2 protein chains.
Amino acid sequence: MTTIKDIAKVAGVSVTTVSRALNGYSDVNEKTRRKISEIAKELNYSPNTLARGLVMKKTKTIGMLVSGMNRANSKDNFTFEVLSGVNECISERDYDLVLFSTTTTKQREKTYSQLCRERRVDGVILQGMKIDDPYLKEVVESDIPCMLIDIPISSESVGYVTTDSVLGAKRAVDYLIQSGHKKIAFMNGHDQAYVSQQRLKGYRDALREAGIDFREEYVRNGDFLEDKAEEEAAKLLDEHPDITAIFCASDLMALGVMKSAKSSGLAIPGQLSIIGYDNILLAGYASPPLTTIAQDKFDLGYKAANALIDMLEEEGPAKIITLETELIVRESVQ
Amino acid sequence: MTTIKDIAKVAGVSVTTVSRALNGYSDVNEKTRRKISEIAKELNYSPNTLARGLVMKKTKTIGMLVSGMNRANSKDNFTFEVLSGVNECISERDYDLVLFSTTTTKQREKTYSQLCRERRVDGVILQGMKIDDPYLKEVVESDIPCMLIDIPISSESVGYVTTDSVLGAKRAVDYLIQSGHKKIAFMNGHDQAYVSQQRLKGYRDALREAGIDFREEYVRNGDFLEDKAEEEAAKLLDEHPDITAIFCASDLMALGVMKSAKSSGLAIPGQLSIIGYDNILLAGYASPPLTTIAQDKFDLGYKAANALIDMLEEEGPAKIITLETELIVRESVQ
DNA sequence: TTGAAAGCGCTAACAA
DNA sequence: TTGTTAGCGCTTTCAA
């Protein structure tokens, strides 16, 4: 494999000159540069980023830590869309992405900062972490530049991008209220998710503004799981047959709720209106097509990567970015 | 950041001893080893993989080259599932994954082997490449260990994993024939995809065995695109209203064909039977739910990664792996 | 069982 | 404009 040493030998110059020529420094004679470039091409040279990284202490690499990239979770292409966004931005800005995937067993062996420092990533993006994940504490304590997705924790070196879940949830419930509903249940995710707390707040806000009493027993946790939501909805609808609408904190759960409603013979939206959250691909294909609150997942990833690289290159402070949601009206609410 | 030098100083030994101790070599006194391990932990040491990679010429990194990881393509979670499989295997075997994403503009600047050598990846997995992609030639010529997904090219250092598309397609068409169909059209992908050639072969095989004449005009290319397939299906059904069943080379196209059939008022499966290929998530949610040929995409990725690492570690020859398909009967065929 | 020394491929002070 | 030299953090040969 060709090194700058080889090039130097052929060109009859020192390695320093080769290095400078190839890196576009100004203090090198045009003729020498051309000659060096030619030889480099001839010898099919490619720089060794390891060696470069070793001395520069910069690797042009972003680490991405994802939880839930396994067989079971591929139904929800949230992660994939975020990843696509990250990937797009990163390749535009000429970085590379290394994917760390951690299981809980691995977490015991290796700390967050070990993981990052081993690979000498310049910065990190975290997606899909639960709020009580042990890594999260480390993230804030460590000084590795980091952007979180949907987790509102920040410090000198860590920022986050999220969508306005309070507002999004409120938007959903407002829409239900406008459509004439008063008995509105809420299928939430779980308490370890920041967004669940937010969406609950939005739900309550909307009810309060409309003068509707909040009822504890109308709120259930579906763990963001289709099956769990289906179960919970069955119980809920059984106990409170007067409910006319359910707001679900994720589309996947909305799908579960739909199943449950169907199997107890409830017409959607005739007898029960359902509104979801996320606007996953499946939402438009459900029957009836699911009305939902859309988040731009690709953008979530793209903006996170962009902000991170900004931090890295401009050495600016960590950024906090909030994206807007959008109500997608389909046919599951009446 | 702590280095082995720091540890050596504190422990009062040489860096050599530290290196050996930490890497589990046998020729180091147990006492010294324990002492060194303790100090390493205390100092919160993590090894610098760049430095190690530089001298060892192994990085424990697999590169993954994916085409089509962009906003437009996220509908099709084929890529994501493959990626999940790759990721799972790689993390089990303690490698890391670096994601290369290339656009055609970038390809002009950097060759395949440059891309790989720069990052010094030990091996590469390629997914979603077209058969005429310029990188593909390079892959075979270069001696970088590589596994291709769904592209049957091999050499000393490159293998592939694919599903048996001929058999899969045959299985689909056989099922249609068994169900009594004789006028069976085929919505194929495009000529740059290996799998399209294979599936066409399977389609022809099935017809031949059943004594049904192959008709050129029954075969269309939908480019694996929902919209394109919808268009093509409209033309096809208009020109040949006697067609009773369509085999589609991908579920996404099958969805397009369904749309087209619906908008011309054809009942599925009453008047037109449709069978897809892939078993994407959406397939089960379509209405009617789509009968299709399933491939295990996760496994495709997992096996590719596994075979690659086998090659790397056992220095064995490149492997060729063929996975089976499975007929998933739902409600779009009658 | 341990250490000294060389070297992986590169960049960057400093000197010329 | 160019070269000499040192050093990034690690592994490994060789010698003790």
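Chain letters run A, B, ... following the sequence lines, proteins first and then strands; every chain starts at 1. Worth saying up front: this structure is predicted, and the values here are computed from it rather than measured.
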If I take atom NZ in residue B:K58 and atom C1' in nucleotide D:dC10, what distance separates them, rounded to the nearest angstrom?
17 Å
Atom pair CD (B:Q192) and CD1 (B:I131), whose distance is rounded to the nearest 0.5 Å:
8.5 Å
Taking atom NZ of B:K297 and atom OG of B:S84, what is their separation to the nearest 0.5 Å?
11.0 Å
Protein proximity profile, nucleotides 11-16 of chain C - base contact B, sugar-phosphate-only contact S, no contact -, cut-off 4.0 Å on heavy atoms
BBB---
When rounded to the nearest 0.5 Å, the distance separating CZ of B:F298 from NZ of B:K303 is 11.0 Å
Which whole-number value in Å describes the distance from A:K9 NZ to C:dG9 P?
11 Å
Closer than 4.0 Å, any side-chain N/O of B:T3 to the OP1 or OP2 of D:dG9?
no
Looking at five pairs on each end of the helix from C:dT1-D:dA16 to C:dA16-D:dT1, what is the angle between the two axes, given to 10 degrees?
40°
Taking CE from A:M1 and P from C:dC10, how many angstroms apart are they, rounded to a whole number?
11 Å
With the side chain counted from C-beta on, respond yes when B:S67 and B:Y135 share a heavy-atom pair under 4.5 Å apart, and no when they do not.
no
Remember a base hit wins even if backbone is also touched, and classify B:D27 as base, sugar-phosphate or nothing at under 4.0 Å, heavy atoms.
base
Which of these nucleotides, C:dT1, C:dA4, C:dG9, is closest to any side-chain atom of B:L54?
C:dG9
Distance, rounded to the nearest Å, where B:K60 contributes NZ and D:dC10 contributes P
17 Å
Nearest whole angstrom, please: distance from the P of D:dC8 to the NZ of A:K57.
7 Å
Under 4.0 Å between a side-chain N or O of A:T17 and OP1 or OP2 of D:dG3?
yes
Residues, nucleotides or ligands: over 12 heavy atoms within 6.0 Å of A:E156 CD
no
In whole Å, what is the span from the CG atom of A:N48 to the P atom of D:dC8?
18 Å
Any side-chain heavy-atom pair of B:Y160 and B:D150 under 4.5 Å:
no
Could you give the CD-to-P distance, from A:E118 to D:dC10, as a whole number of Å?
11 Å
Any side-chain N or O of A:K5 below 4.0 angstrom from OP1/OP2 of C:dG7?
no
Could you check B:R120 against B:S26 and say which one's nearest nucleotide on DNA chain C is further toward the 5' end?
B:S26
Parallel, tilted or perpendicular: ring planes of B:H190 versus B:F224, cut at 30 and 60 degrees:
perpendicular
Need one value for B:T32: base, sugar-phosphate or nothing, where a base atom within 4.0 Å counts as base even if backbone is also close, heavy atoms only.
sugar-phosphate
Does any non-hydrogen side-chain atom of B:S113 lie less than 4.5 Å from one of B:I144?
yes
Roughly how many Å is it from CG in B:L22 to C1' in D:dT12, rounded to a whole number?
16 Å
Mind checking the CD1-OG1 spacing from A:I321 to A:T163? Nearest 0.5 Å is all I need.
12.5 Å
How long is the span from the CG atom in A:L99 to the CG atom in B:N87, to the nearest 0.5 Å?
5.0 Å
